[in-house]
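Below you'll find the structure, written out as C-alpha cells, and then a few comments.
The analysis underlying the following values was restricted to heavy atoms, covering all of them including side chains, and did not include hydrogens, waters or symmetry mates. In each ligand, atom 1 is the first atom listed, and ligand 1 is the first ligand listed. The structure presented is a predicted model; accordingly, all values stated were derived computationally and were not measured.
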Amino acid sequence: MTILIPPAASVGQPAGAIDTPALVLDLDVFERNLARMQQAADRAGVKLRPHAKAHKTPAIALAQIARGAVGICCQKVSEAVPFVRAGVTDIHISNEIAGPAKAALLAQLALRARMSVCVDDARQVAELAAAAARAGSTIGVLVEIDIGQGRCGVADAPAALHLVQAIRAHGQLAFRGLQAYHGGLQHVRGAAERARAVAAAGARTAAVVAALAEAGVACETVTGGGSGSAEFDLAGGVYTELQPGSYVFMDGDYGSNEYGGALCFEYSLFVASTVMSVAAAHGAAPRVVVDAGLKSLAVDSGLPLAWGAQGRSATLDYVAANDEHGIVEPRAGATAAALPALGSQMLLVPGHCDPTLNLYDEIVGIRGQAVASLWPVAARGLSR
Ligand SMILES: Cc1ncc(COP(=O)(O)O)c(C=O)c1O
C-alpha cells in the first residue's frame, strides 16, 4: 500500500492545527499590502508591475493584476512559465539571459504573452533576434543601465544608444525602453538617507533618458524600483513603471527599514513552527527547540523574528538555526516562564521572503483563525 503524507492543512481547519513547518499567509494583511501599493502607484500615475520572484505564486500574480497591475516581472525565463499557463499575459524578465535554450523558451512564451527582457550586450540582442525569428514571435527588449548597484547594465548613455540601434536593426525585436534597478538602495535603513540615495540614482536614470531623447530615442518605459524605494521612486517622476516584490509579504530585513510614512507595509507572511523539545526550558540556559531551521527558512538576511499574539514577541528570540531545528530563548530581561509549551505552534517572520518562498510547495492562507486557501507556489525552484 502506498503511504501518503497528509497535507499540511485543509481549508476550514483551525490555523492552530496546521502541520509544520508550513508557510502561512495572513490574507487580510496581504490584501491591505496589495491595496496600499496599487493605490500609491495609481495616485502617482505610475504603472505597477510587481515582481513575482518574491511570491512565485500564480494566485498572487492574478490578485495583483485584478487590482490594477499591468503585468508582472520574473527574474528567470523558466519562472515565467507557470504564470503564462495561469493566464498572465504581460511579463517582463527583469534580467539578462545568455544561451540559445533560454532565448528559445522566451521566444515560445512570446507567442502566448507579451514578453520582454533586458540586455546589456549586443550579443544578447543577436541571440534574441535569432530565437524570435525561428519562433515567429516578437520579443520586447529593454536596455538595462547600471545606476550604481554594480550588477548588470551598461554604464552610460552612449553604450545604451549603441544597444538601442542594435535592437532596432531586428524586425522581431521591439525596443521598449530602459530598466534602472538598484538593489542596494532598498535596504538603506534611514528613510531620509534612502530618499537621498534614491534621488541620486533617479538623477542618473533621468540623464540617460534625456541623452537618448536628444538622440531621437524615446523611452516608452522606464522600469525599476523595489519595496524599499517605492515611496521615493513614485514621487521622483523618473519611472513610468515600478517593480516591487516583497511588499506583499514584508520580511525581517525590510522590517528593519525606517519608512517615510507615505507607504508602509505589514508582515503578512509567517513560517508556522512547532515547539518540539522543551528539555532545556528550565536549565541553566533556558531554551526550547522548534521544528523550523535552515531547510524551512532563509537566513541570509538575518534570523526570523518570533511572533506572538500581539505582534513581534516582546519576550522571545529565535537565536540559532540548524538544518531542521531552531533555538528559541527568552530575551534578556525575560524569564523561562515566557517560553512556549511543548507542542505549541510558534509563528516566525522570515528574515528574507524570496528564498523562503522557494522552499515551499504551497502557501496556506488564513483568515482570522481558520485556513481559507491553499495556493501552489508553482514557480518554486524554477531558476533556469
Ligand atoms: C530587477 C529587480 N527588480 C525589482 C526587485 C524588487 O524586489 P523587492 O521589492 O522584493 O526588493 C528586485 C529584487 O531583487 C530585482 O532584482
Mark the output for G225 as yes if a heavy-atom distance to ligand 1 is under 4.0 Å, and as no if none is. yes
Report yes or no: do V70 and V88 belong to one cluster of Ile/Leu/Val/Met/Phe/Trp/Tyr joined by side chain heavy-atom distances under 4.5 Å? no
For the hydrophobic clusters of this structure (ILVMFWY residues joined by side-chain heavy atoms under 4.5 Å, transitively), does one cluster hold both L142 and I72? no
In terms of residue, atom name and distance, what is the protein heavy atom nearest to [atom]?
| atom | answer |
| --- | --- |
| atom 10 (O) of ligand 1 | S246 OG, 2.4 Å |
| atom 7 (O) of ligand 1 | G245 N, 3.7 Å |
| atom 14 (O) of ligand 1 | K53 NZ, 2.9 Å |
| atom 11 (O) of ligand 1 | Y254 OH, 2.6 Å |

R367 with D28: basic N within carboxylate O range, under 4.0 Å: yes
Is the shortest side-chain N to carboxylate O distance from K102 to E127 below 4.0 Å? no
Taking the six-membered ring of Y259, is the NZ or CZ of R194 close enough (under 6.0 Å from the centre) and on axis enough (within 45°)? yes
At less than 4.0 angstrom from any non-hydrogen atom of H51, what atoms of ligand 1 do you find? 2 (C), 3 (N), 4 (C), 5 (C)
Give the atoms of ligand 1, by number and element, whose distance to some non-hydrogen atom of G226 is under 4.0 Å. 6 (C), 9 (O)
Should the proximity of A54 to ligand 1, defined as any heavy atom under 4.0 Å, be assigned to the side chain, the backbone, both, or neither? neither
Give the contacting part of R151 toward ligand 1: side chain, backbone, both or neither, where contact means a heavy-atom distance below 4.0 Å. side chain
Within a strict 4.5 Å, meaning less than it, do heavy atoms of the V364 and L374 side chains meet? yes
Would you say [X] has any N or O atom under 3.5 Å from an N or O of ligand 1, going by distance alone?
| X | result |
| --- | --- |
| Q75 | yes |
| Q243 | yes |
| Y247 | no |
| S94 | no |

Does the ring center of Y254 lie less than 6.0 Å from the ring center of H187? yes
To the nearest 0.5 Å, how far apart are CG in D253 and CG in L305? 10.5 Å
So which heavy atom on T240 is nearest to which on T221, and how close? OG1-CA, 3.4 Å
